[in-house]
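Notes follow the structure.
Lettering of chains follows the sequences in order, A, B, ..., and the numbering in each one begins at 1.
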Amino acid sequence: MHIDDAILPLRIRGLSYRPNGRAVLAGLELELGIEGITLVLGANGSGKTMLLRAICGLIEPSAGRIEWGPAGEGGRPRAGVMMLFQHPMMLRSSVLDNVALGLRPLGVPAPERRRRAMAMLERIGLADRAGDSARQLSGGEQQRLALARAWLTGPRLLLLDEPTASLDPSATAEVERIVREIRTDGTRIVMVTHNLGQATRLGDDVIFMAAGRVCEHTPVQRFFSRPQSEEARLFIQGELPWHMRF
Amino acid sequence: MSAFAATFTDAVSLLVTFDHRVAEIVGLSLRVSGAAVVLGALIGLPLGACLAVARFPGKSVLTVLVNGLMGLPSVVVGVVVYLFLSRSGPLGEFGLLYTPPAMVVAQTLLVVPLMAAIARQVVDDAWQRYEEELRMLRFSWWRSVTTLLHDCRHSLLVALLAGLGRAMSEVGAVMIVGGNIDRATRVMTTAIALETSKGDLALAIALGIVLIFLILALNALAFGLRHWAIRRFG
Amino acid sequence: MAHALLNRLRVFTAAMLVAAAPAAGAAESIVLASTTSTEQSGLFGHILPVFEKATGITVKVVALGTGQALDVGRRGDADALLVHDRVAEDAFVAEGYGRYRRDVMYNDFVVIGPGADPAAVKGASDTPDAFGRIAGKAATFISRADKSGTHAAELRFWKAAGVEPVGQDWYKEAGAGMGPTLNMAAGVDAYTLSDRGTWANFKNRQSLAIVYEGDPKLFNPYGVILVNPDKHPHVKKAAAEQFIDWITSDAGREAIASYKLGGEQLFYPTPR
């Protein structure tokens, strides 16, 4: 299904981002394997969202590099990386049109776009809302729509920025079900969350960030049972002091 | 009764006896300004959206220029178009001077900067919100322009209305390039100017009332349409 | 594909331009550049339908000051001119912009002023005397100051009166057509010079009245000129000449003479 399989594994070496001199990412090191769901945890301002933005090329790092695929090629991210934002774009048109949107730059003809988008809506359980205005969906439904739109473009690596923030438990469960399905479909997922329960339910491994660095990158179970850094231990207990957050 | 009140009373009684000559003038006004707004929208809206979305050298200069041209006096546009369309001008061979198409050309030039400036503002707001997501979806800048224009279509009604208001109410440009020829290029504003210069203030005000009524009606229509769209599309 | 789109745009633009034009038949028409005084007096509304009925030719009148009308003719934007400034008309033909000029009609100028006539213009012996009285009392005078035929005539009268009005406090240069100038005069109770036709058709008079008239010096002749087809080949020579022949013919003279406003004849065909 994926044309360009060669973007994973992905290595990040010494990545720094210092807009106006303030270090948002500070010499970050990270390696992402070829499959699974990685959850990114950390306090507000620890650099989680910036990490995702750096990976998909929306910010220009001040130093360091990202190496793609087994050959470790540098440079800008290529096709196959997709990021989902916390407040996804909802155009003033139907649910179906909003999902089909992502296929337009790929040169898929309109009837085919609609057919594939409709099939996608069936998978995420929004088929009966296909003709409704996207802006009238609930928050959970809008997140599912955005996931469907991203999924439809067939990404190899999907970056999710707090897709379940401010969702109720059942909407959260629905989003998690879709995320799992996308992973099963063969897409590598990196997802920022504040929900520790979600990490245990969904994650294969956890990245814990503090002050623009990766403090820990371990399998989920180990992160919660035996956190290796003091920051992570305090974070899990909900007691990370202010001075250690940035 | 004061002379002032009498003028208005006469104006209203003239409206009651609305004859077909007035209807002809109103019809030409609507046709000329309507065509100018359609053409102006075809040029101005994409231009404004491009100014919001595209990156190119001289973009801020062009933005300032477009915003500045909004205040261009219609007489200046009229004179420039006159010089171009005059038989001695570069486009003289088409023989457009003193015809409705010449008026459409002048009014189009008049409304393009206005519509472009409004479109730039509206589309820029949407672009600020959606830029990264559209880039993620690998939308080219031109596809982003068309997508955002479509997404902002209800807000852009304001641009159409502003253009129509400016076109229908301007007198300087159509007077010069149209010539205010009876039964050929006489529109509401030039007719008002003529009646005023004949000292027939009642007829001038009667036409003015028609003009205001038309513009109000179009605004009400657009307001209703926008209201419906917000309910429908959010 | 881009080409096809461009083509469609071009067709659409043309369609919009055409849509704006009234659905007139292919009837022949000429553009006549003339003066605001003739247009606003209502003369054209009276005589042109007669001509149109006789020949099927529509005359589109663009009403400007005489100076502007001559400019329009010079640029080739009209087929014929009907104006009133003999000196400028002869120069126009001499410079080759006009093929020929013919006398058509005349009306006369009238001096307009406040009914109370503070400068006692009513008792003037002739036109220069009337203008001298206005200057002598420094009574407000509104000038067209728009290079029109009326403006040219006014300047001749000041010269004859030995007055240099430009720059004086009481002398206001409007830079406007006859109607707006009369509106200004009505607004500030000033004197001005008007052609009789515009005055007769002017409704917003307030306290204004004719304070001086009848002097042969106030004679105001109109001429018709064919724009030279050698200079501007697109000039509709045949149709324009048909109009010129008609307006100077018995039928045209009769139409001019029969135009009356409030029972008063405004224009007189030039005696043969």
Legend entry - A/R113, CZ: over 12 other non-hydrogen atoms inside 6.0 angstrom: yes
Legend entry - Separation between CE of A/M90 and OH of B/Y130, rounded to the nearest 0.5 Å: 8.5 Å
Inset, instruction - Would you mind telling me which of A/M82, A/R104, A/M83, A/R149 has the largest number of heavy-atom pairs within less than 4.5 Å of chain B? - result: A/R104
Inset, instruction - Identify which part of B/R135 has an atom lying under 4.5 Å from any heavy atom of chain A, answering side chain, backbone, both or neither. - result: side chain
Inset, instruction - Between chain A and each of B/R153, B/H154, B/E131, count heavy-atom pairs under 4.5 Å; write down the option with the most. - result: B/R153
Legend entry - Donor-acceptor contact present, side-chain B/R138 to main-chain A/P105, <3.5 Å: no
Inset, instruction - Write down the atom of A/Q136, the atom of B/R231, and the distance for their closest heavy-atom approach. - result: NE2-O, 2.6 Å
Legend entry - Atom group of B/S140 that falls short of 4.5 Å from chain A, counting heavy atoms: neither
Inset, instruction - Measure the CZ-OG distance between B/R232 and A/S93 for me, rounded to the nearest 0.5 Å. - result: 9.5 Å
Legend entry - Rounded distance [0.5 Å steps], CD1 in A/I59 versus CD in B/E132: 9.5 Å
Legend entry - Residues B/D151, A/M89; criterion side-chain contact (heavy atoms from CB on, under 4.5 Å); working and verdict: CA-CA 11 Å; B/D151 197 48; A/M89 169 174 76; over 6 Å; no
Legend entry - Within 6.0 angstrom of A/H194 NE2, more than 12 heavy atoms from elsewhere: yes
Inset, instruction - List the atom of A/F85, the atom of B/E133, and the distance in Å for their closest heavy-atom pair. - result: CE1-CA, 3.7 Å
Inset, instruction - Using non-hydrogen atoms and a 4.5 Å limit, figure out which bit of A/L101 sits close to chain B: side chain, backbone, both or neither. - result: both
